[in-house]
Asks: 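I have a structure I would like to understand better, so I am pasting it below and will then ask my questions one at a time.
Because the structure is predicted, anything quoted here is derived from the model rather than measured. Basis for what follows: all heavy atoms, side chains included, without hydrogens, waters or symmetry-related copies.
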Amino acid sequence: MRRTRRAVQQALTELILEKGYETVTVTDLINRANVGRSTFYAHFTDKQDVLFSNLDELSDLLHLAPASRPGVLFAFSLPMFEHLQEQRRLVRALLGRRGGGVVMARGEQIMAAVVRDELLAGLPSGSTPPASLDLMITCVVGAFMALLRKWADGDLTATPAEMDAAFRAVVTPGVEEALAASPRGRRPAPG
């Protein structure tokens with residue numbers, strides 16, 4: 001069962017690299033993965049479901065990272081760049097030029113949830129989130145995804161540590177200042 005899912009996910013990666021996400025069909029996936037149509041549909045509803053299953057694995061990594069580096073703002077950054085370097089081909093397929101807008105939109109949703117959780121956790125005790133929280137999330141996600149996309153496409157040649165350092169140097173000071181200035185008061189539950 002797991003092997004079948006992997007074969008279909010791998011087929012999608014290969015096909016995206018060859019011809020772009022938008023032109024890939026379920027029939028293409030079935031043929032490339034060498035599985036039957038009923039087998040495909042036993043595991044996935046459509047090609048977007050295959051795509052999102054790949055992205056959800058990245059989401060799991062993002063949610064684990066803060067626990068491994070408590071107290072570090074944007075703790076997901078370095079582990080994410082390291083993981084993506086190991087999975088360079090998949091990243092190029094999903095987030096590069098041929099990945100399609102649906103991939104970037106889903107990636108931004110995943111990142112926004114992680115960034116929101118980290119920012120709320122980074123507030124001083126007893127503080128309320130700043131009114132600009134959604135703006136900060138948009139800026140942080142935008143910066144991270146832009147770096148990631150350029151890296152995936154080969155436009156940037158840097159190590160994961162260099163990518164992490166660049167990301168942190170640009171976004172962390174402003175976000176920390178905004179969080180420190182957050183008014184004291186009742187802090188709502190993260191949502």
Asks: Is there a donor-acceptor contact under 3.5 Å from the side chain of Asp164 to the main chain of Ala161?
Replies: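 Not confirmed, Asp164 side chain does not pair with Ala161 backbone.
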Asks: Checking the side chain of Glu162 only, and the main-chain atoms of Thr159 only, is there a donor and an acceptor separated by less than 3.5 Å?
Replies: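 At least one qualifying donor-acceptor pair exists.
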Asks: Excluding sequence neighbours, so at least two apart, what forms side-chain hydrogen bond (donor to acceptor under 3.5 Å, both in side chains) with Thr23?
Replies: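 Testing Thr23 for side-chain hydrogen bond (donor to acceptor under 3.5 Å, both in side chains), a comparison that skips the adjacent residues, returns none.
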Asks: State, yes or no, whether a side-chain contact exists between Cys139 and Val171 at a heavy-atom distance under 4.5 Å.
Replies: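 No; the side chains remain at least 4.5 Å from each other.
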Asks: Who passes salt bridge (charged side-chain N to carboxylate O under 4.0 Å, His left out) against Asp134, sequence neighbours left out?
Replies: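 Residues passing salt bridge (charged side-chain N to carboxylate O under 4.0 Å, His left out) with Asp134: Arg116.
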Asks: Can you measure from CG (Leu119) to CG (Leu73) and round to the nearest 0.5 angstrom?
Replies: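 It comes to 6.0 Å.
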Asks: Val26 versus Tyr41: any side-chain heavy-atom pair under 4.5 Å?
Replies: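 Yes, their side chains come closer than 4.5 Å.
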Asks: Sequence neighbours left out, what pairs pass salt bridge (charged side-chain N to carboxylate O under 4.0 Å, His left out) with at least one residue falling in residues 36-48?
Replies: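 Counting only pairs at least two positions apart or across chains, no salt bridge (charged side-chain N to carboxylate O under 4.0 Å, His left out) contact touches residues 36-48.
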Asks: Using the ring pair (Phe, Tyr, Trp, His ring centres under 6.0 Å) rule, collect all pairs that involve residues 108-143, keeping only residues at least two apart or in two chains.
Replies: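 Pairs touching residues 108-143 that pass the test: none.
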Asks: Group every Ile, Leu, Val, Met, Phe, Trp and Tyr by side-chain heavy-atom contacts under 4.5 Å, then state whether Val170 and Leu135 land in the same group.
Replies: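 Unlinked, Val170 and Leu135 end up in two clusters.
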Asks: Starting at CD of Gln9, measure out to OG of Ser53 and round the result to the nearest 0.5 Å.
Replies: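 One gets 3.5 Å once the value is rounded to the nearest 0.5 Å.
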Asks: Are the side chains of Leu12 and Arg32 in touch, meaning some heavy atoms are under 4.5 Å apart?
Replies: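 Answer no - side chains too far apart.
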Asks: Run the side-chain hydrogen bond (donor to acceptor under 3.5 Å, both in side chains) test against Gln48 and tell me which residues pass, sequence neighbours left out.
Replies: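 Listed in chain order: nothing, the list is empty.
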Asks: Ignoring hydrogens, what is the shortest heavy-atom contact between Ala158 and Met163? Give both atom names and the distance.
Replies: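 Here Ala158 and Met163 meet closest at CB-SD, 3.7 Å.
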Asks: With sequence neighbours left out, what residues match Ser38 under side-chain hydrogen bond (donor to acceptor under 3.5 Å, both in side chains)?
Replies: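 In terms of side-chain hydrogen bond (donor to acceptor under 3.5 Å, both in side chains), with neighbours along the sequence ignored, Ser38 is linked to no residue.
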Asks: Excluding sequence neighbours, so at least two apart, what forms side-chain contact (heavy atoms from CB on, under 4.5 Å) with Ala7?
Replies: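 Counting only residues at least two positions away or on another chain, Ala7 forms a side-chain contact (heavy atoms from CB on, under 4.5 Å) with Ala33.
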Asks: Can you check whether Thr157's main-chain N or O pairs, donor with acceptor, with Trp151's side chain at less than 3.5 Å?
Replies: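 Pair absent, no side-chain N/O of Trp151 close to backbone of Thr157.
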Asks: Near Asn31 CG, under 6.0 Å, is it more than 12 heavy atoms from other residues, nucleotides or ligands?
Replies: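 Yes, the 6.0 Å shell around CG holds more than 12 heavy atoms from other groups.
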Asks: What distance separates His43 NE2 from Asp49 CG, expressed to the nearest 0.5 Å?
Replies: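 Separation between the atoms: 11.5 Å.
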Asks: Using the test ring pair (Phe, Tyr, Trp, His ring centres under 6.0 Å), find all partners of Phe167 that sit at least two apart in sequence or belong to another chain.
Replies: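 Here the qualifying residues are Phe74, Phe144.
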Asks: For Thr138, give me all partners under side-chain contact (heavy atoms from CB on, under 4.5 Å), at least two apart in sequence or on another chain.
Replies: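 None.
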Asks: Going from CG on Leu51 to CD1 on Ile16, what distance comes out if it is rounded to the nearest 0.5 angstrom?
Replies: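 Answer for the CG-CD1 pair, Leu51 versus Ile16, is 5.5 Å.
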Asks: Going from CG on Leu156 to CG on Leu148, what distance comes out if it is rounded to the nearest 0.5 angstrom?
Replies: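 These two atoms lie 10.0 Å from each other.
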Asks: Going by the rule side-chain contact (heavy atoms from CB on, under 4.5 Å), which residues pair with Ala165 if we only count those two or more places apart in sequence or in a different chain?
Replies: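 Testing Ala165 for side-chain contact (heavy atoms from CB on, under 4.5 Å), a comparison that skips the adjacent residues, returns none.
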Asks: Mind checking the OG-CE spacing from Ser77 to Met111? Nearest 0.5 Å is all I need.
Replies: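 Ser77 OG to Met111 CE: 8.0 Å, rounded to 0.5 Å.
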Asks: Quick check against the 3.5 Å criterion: does Thr25 have a side-chain atom that pairs as donor or acceptor with the backbone of Asp28?
Replies: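 Present.
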Asks: Please, which pairs that meet salt bridge (charged side-chain N to carboxylate O under 4.0 Å, His left out) have at least one residue in residues 101-115, sequence neighbours excluded?
Replies: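 Matches after skipping sequence neighbours: Asp56-Arg106.
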Asks: If every non-hydrogen atom of Leu120 is compared with every non-hydrogen atom of Pro129, which pair is closest and at what distance?
Replies: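 Looking at all heavy atoms of both residues, the shortest contact is CD2-CG, 3.6 Å.
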Asks: Do Arg6 and Gln10 make a side-chain contact, defined as non-hydrogen atoms from C-beta onward lying under 4.5 Å apart?
Replies: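 No. Closest side-chain heavy atoms not under 4.5 Å.
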